[in-house]
Engineer: 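Got a structure here, written out as structure tokens. Questions coming.
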Amino acid sequence: MQEPETIDVLTIGAGGGAYPAAFWLARRGRRVVMVDPKGVLSGNCLAEGCVPSKAVREMAHHLARHRRFHSYGVGGKTTVDYAKIIGHKDDVQRRRYLQHGEELARSRNVELIKGKAGFEDAHMVTVETDTGTRRYSAHHIIVASGSDVFVPPIPGAELCLTSSDFYRLNPTLKVLPSTLTVIGGGYIGVETASFYAALGVHVTLLQRGSQLLLGMDPDMIAMLVPLLDPNIRWILDADVDRIERMERGLRVHYRQGGGSQELLSDQVLMAAGRRPVIPDGLTALGIDVGHAGIVVNSALQTSHPHIYACGDVNGRVPLFHAAVRESLVAAHNIAAGDVPTDTMDFTTVPTTIFTLPAAAYVGMTRTAAAQNGMTFLEAGYEFSEDSRAQIYGETEGSLRLFFEPASLRLMGGWVVGIDADNLIGEIGLACANGLTAHQLAAFADQHPMASEGIGHAARSLLSAEW
Ligand code: ADP
């Protein structure tokens with residue numbers, strides 16, 4: 001067996017939960033090794049997640065906006081050049097890989113090994129590479145192995161595409177289908193249904209329960225769903241039991257209300273959720289792994305204080321930007337000798353469902369407060385009144401802010417409609433920093449932008465003084 005190399009920090013994975021800490025610690029002189037079977041930085045976000053899916057989304061968004069005001073050719077029909085959309089998506093991914101590669105090449109004390117890491121003991125990590133096995137003895141370890149698509153054990157499930165087949169570099173899906181069935185009404189399924197409907201695809205979405213986007217604020221969902229493309233057919237309470245290949249396309253068999261139903265479409269997207277990827281040997285160390293992922297404290301430590309778990313693998317807030325912040329929290333605590341000096345605020349991470357239009361939320365909403373026995377003050381703003389929404393002719397939707405009644409401190413908010421994805425950043429920052437309705441009311445939000453709605457909503461609570 002090869003002699004182990006002793007290093008300061010090893011990261012399992014090189015995505016958002018890993019590389020911010022790796023670079024931060026390396027800049028401070030720590031010797032860091034990142035391990036990832038992809039052999040590149042940025043994990044699943046860039047490989048098949050947020051970045052490429054939003055490249056497709058924004059092209060679909062352009063098209064939807066463009067269609068309303070322009071017409072070309074005979075009959076004024078705009079055709080979708082899907083090869084160009086995929087080409088653009090691939091270019092964005094390549095460009096970002098190049099950028100990450102250059103950052104890595106410029107950095108001292110940090111190395112990326114293409115391989116799969118597993119635990120031998122609480123400090124010893126084995127890495128299987130194309131050229132053999134390497135062993136590292138690390139003072140600190142960050143587990144950031146992310147999550148992977150969950151494919152349920154349904155006969156024929158292997159015939160379906162996954163989000164990876166839609167969005168990875170040089171994807172499997174190269175030709176726009178005319179019909180698409182989406183299995184799963186979580187955010188990946190609903191977003192993809194929305195993007196492809198905007199590109200002109202006839203989409204049917206099958207959801208097992210009676211609710212889409214389960215776990216998210218019901219008032220926000222109730223506002224969002226009627227605003228989504230009317231060409232999407234939503235079939236709720238549908239239990240898929242089999243998928244079969246037909247001469248043309250795939251047939252999905254499902255049960256609904258005691259009866260058997262079937263649907264034929266060119267392609268089927270399986271979007272039944274994601275599961276944390278737990279490295280080999282981790283559970284043998286006695287580290288707790290729950291249903292959502294590896295159990296951590298707010299310092300991102302597992303039950304072994306020198307082993308951290310950041311990003312999707314801990315299942316707390318499975319979003320890239322949460323992983324980045326968690327990674328830096330772990331780095332700060334490693335630098336402090338595994339003494340928690342920095343902690344993660346899991347409650348104020350903004351989340352966006354990037355449908356067209358988008359819905360976004362942060363903090364605690366009115367419904368969540370009520371479930372916890374609290375009553376919040378609610379302030380609203382309708383985009384029908386908003387100048388930017390009127391300029392775009394996209395006046396559907398609204399913004400809601402929730403305040404603690406005694407202090408008027410902002411506790412949470414949601415937005416459905418224009419710029420929801422951007423607005424939630426400002427609302428989140430205000431929430432995370434404990435700003436009050438008075439402070440929001442006194443800020444000169446830019447005109448003519450939808451963020452004016454934030455100050456407007458806050459002032460509506462204070463009407464006597466403002
Ligand atoms: P996060 O944003 O939570 O860091 P990502 O899914 O973006 O998560 O990145 C996780 C990365 O971890 C992926 O690129 C994946 O290839 C990698 N990975 C998964 N299992 C292992 C393992 N056993 N060893 C090394 N890397 C791993």
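In listed order, ligands and their atoms are each counted from 1.
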Engineer: So, do F354 and Y187 have ring centers that fall under 6.0 Å from each other?
Structural biologist: no

Engineer: For atom 3 (O) of ligand 1, grab the closest protein heavy atom and report residue, atom and distance to one decimal in Å.
Structural biologist: D312 N, 2.7 Å

Engineer: Specify the protein heavy atom at minimum distance from atom 11 (C) of ligand 1: its residue, its atom name, and the distance to 0.1 Å.
Structural biologist: D36 OD2, 3.3 Å

Engineer: Mark up the atoms of ligand 1 that fall under 4.0 Å of a heavy atom belonging to G15, in ascending order.
Structural biologist: 4 (O), 9 (O)

Engineer: Where is the nearest protein heavy atom to atom 27 (C) of ligand 1: which residue, which atom, and how far?
Structural biologist: P37 CD, 3.5 Å

Engineer: List the closest protein heavy-atom neighbour of atom 8 (O) of ligand 1: residue, atom name, distance to the nearest 0.1 Å.
Structural biologist: G146 CA, 3.4 Å

Engineer: At under 4.0 Å between heavy atoms, is it the side chain or the backbone of A323 that contacts ligand 1, or both, or neither?
Structural biologist: side chain

Engineer: Which ligand 1 atoms does G311 reach within 4.0 Å, using its non-hydrogen atoms?
Structural biologist: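 What qualifies from ligand 1 is 3 (O).
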
Engineer: Side chain, backbone, both or neither: which applies to V277 and ligand 1 if a contact is any heavy-atom pair less than 4.0 Å apart?
Structural biologist: side chain

Engineer: Could you please spell out the steps behind the salt bridge (Lys or Arg N to Asp or Glu O under 4.0 Å) verdict for R325 and D342?
Structural biologist: CA-CA 11 Å; R325 170 67 191 135; D342 194 7; 3.0 Å; yes

Engineer: Would you please say whether a donor-acceptor pair under 3.5 Å links the side chains of S398 and R400?
Structural biologist: yes

Engineer: Looking at atom 19 (C) of ligand 1, what's its closest protein heavy atom, distance included?
Structural biologist: S145 O, 3.3 Å

Engineer: Give yes if a backbone or side-chain nitrogen or oxygen of K116 is under 3.5 Å from a nitrogen or oxygen of ligand 1, and no if not.
Structural biologist: no

Engineer: With nothing but distance in play, are any N or O atoms of A117 less than 3.5 Å from an N or O of ligand 1?
Structural biologist: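 Yes.
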
Engineer: Are a donor atom and an acceptor atom from the side chains of D266 and S178 found within less than 3.5 Å of each other?
Structural biologist: yes

Engineer: Between the side chains of E120 and T126, does any donor sit under 3.5 Å from an acceptor?
Structural biologist: yes

Engineer: Under 3.5 Å, is there a donor-acceptor pair between the S265 and T181 side chains?
Structural biologist: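 Distance-only check passes for S265 and T181.
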
Engineer: For I12, counting its heavy atoms only, list the atoms of ligand 1 lying under 4.0 Å from any of them.
Structural biologist: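 Checking each atom against I12, I get 22 (C), 24 (N), 25 (C).
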
Engineer: Just jot down the ligand 1 atoms closer than 4.0 angstrom to any heavy atom of C45, in number order.
Structural biologist: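 Close to C45: 7 (O).
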
Engineer: Pick whichever of G49, S327, A144, P20 has a heavy atom sitting closest to atom 10 (C) of ligand 1.
Structural biologist: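 Nearest option to atom 10 (C) of ligand 1, by heavy atoms: A144.
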
Engineer: Contact between N333 and Y308 at the side-chain level, heavy atoms closer than 4.5 Å - yes or no?
Structural biologist: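 Yes; the side chains approach each other to less than 4.5 Å.
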
Engineer: Counting both backbone and side chain atoms, is some N or O of G17 under 3.5 Å from an N or O of ligand 1?
Structural biologist: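 Yes, at least one N or O pair falls under 3.5 Å.
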
Engineer: Check contact between P318 and ligand 1, using heavy atoms of the residue and a distance below 4.0 angstrom.
Structural biologist: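 No, P318 has no heavy atom closer than 4.0 Å to ligand 1.
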
Engineer: Consider only side-chain N and O atoms of D312 and S147, and report whether a donor and an acceptor are under 3.5 Å apart.
Structural biologist: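 Yes, because at least one side-chain N or O of D312 sits under 3.5 Å from a partner of the opposite role on S147.
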
Engineer: Just jot down the side-chain hydrogen bond (donor to acceptor under 3.5 Å, both in side chains) partners of E128, sequence neighbours excluded, or say none.
Structural biologist: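 So E128 forms a side-chain hydrogen bond (donor to acceptor under 3.5 Å, both in side chains) with T133.
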
Engineer: Check whether the ring centres of H100 and Y19 lie less than 6.0 Å apart, and answer yes or no.
Structural biologist: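 They qualify: ring centres under 6.0 Å apart.
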
Engineer: Counting non-hydrogen protein atoms only, what is the nearest one to atom 25 (C) of ligand 1? Give residue, atom name and distance.
Structural biologist: V35 O, 3.3 Å

Engineer: If you define the side chain from C-beta out and look only at heavy atoms, does anything of N314 sit under 4.5 Å from E326?
Structural biologist: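 A side-chain contact under 4.5 Å exists here.
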
Engineer: Tell me the protein heavy atom at minimum distance from atom 6 (O) of ligand 1, and give that distance in Å.
Structural biologist: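 The closest heavy atom on the protein side is N44 ND2, 2.7 Å.
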
Engineer: Can you list the ligand 1 atoms lying under 4.0 Å from a non-hydrogen atom of G115?
Structural biologist: 25 (C)

Engineer: Less than 3.5 Å apart, any donor N or O on the side chain of H140 or D8 sitting next to an acceptor on the other?
Structural biologist: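 No, no side-chain donor-acceptor pair sits under 3.5 Å.
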
Engineer: Using heavy-atom distances, let me know which of G43, S42, A18 sits nearest atom 9 (O) of ligand 1.
Structural biologist: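 Ranked by closest heavy atom to atom 9 (O) of ligand 1, first place is G43.
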
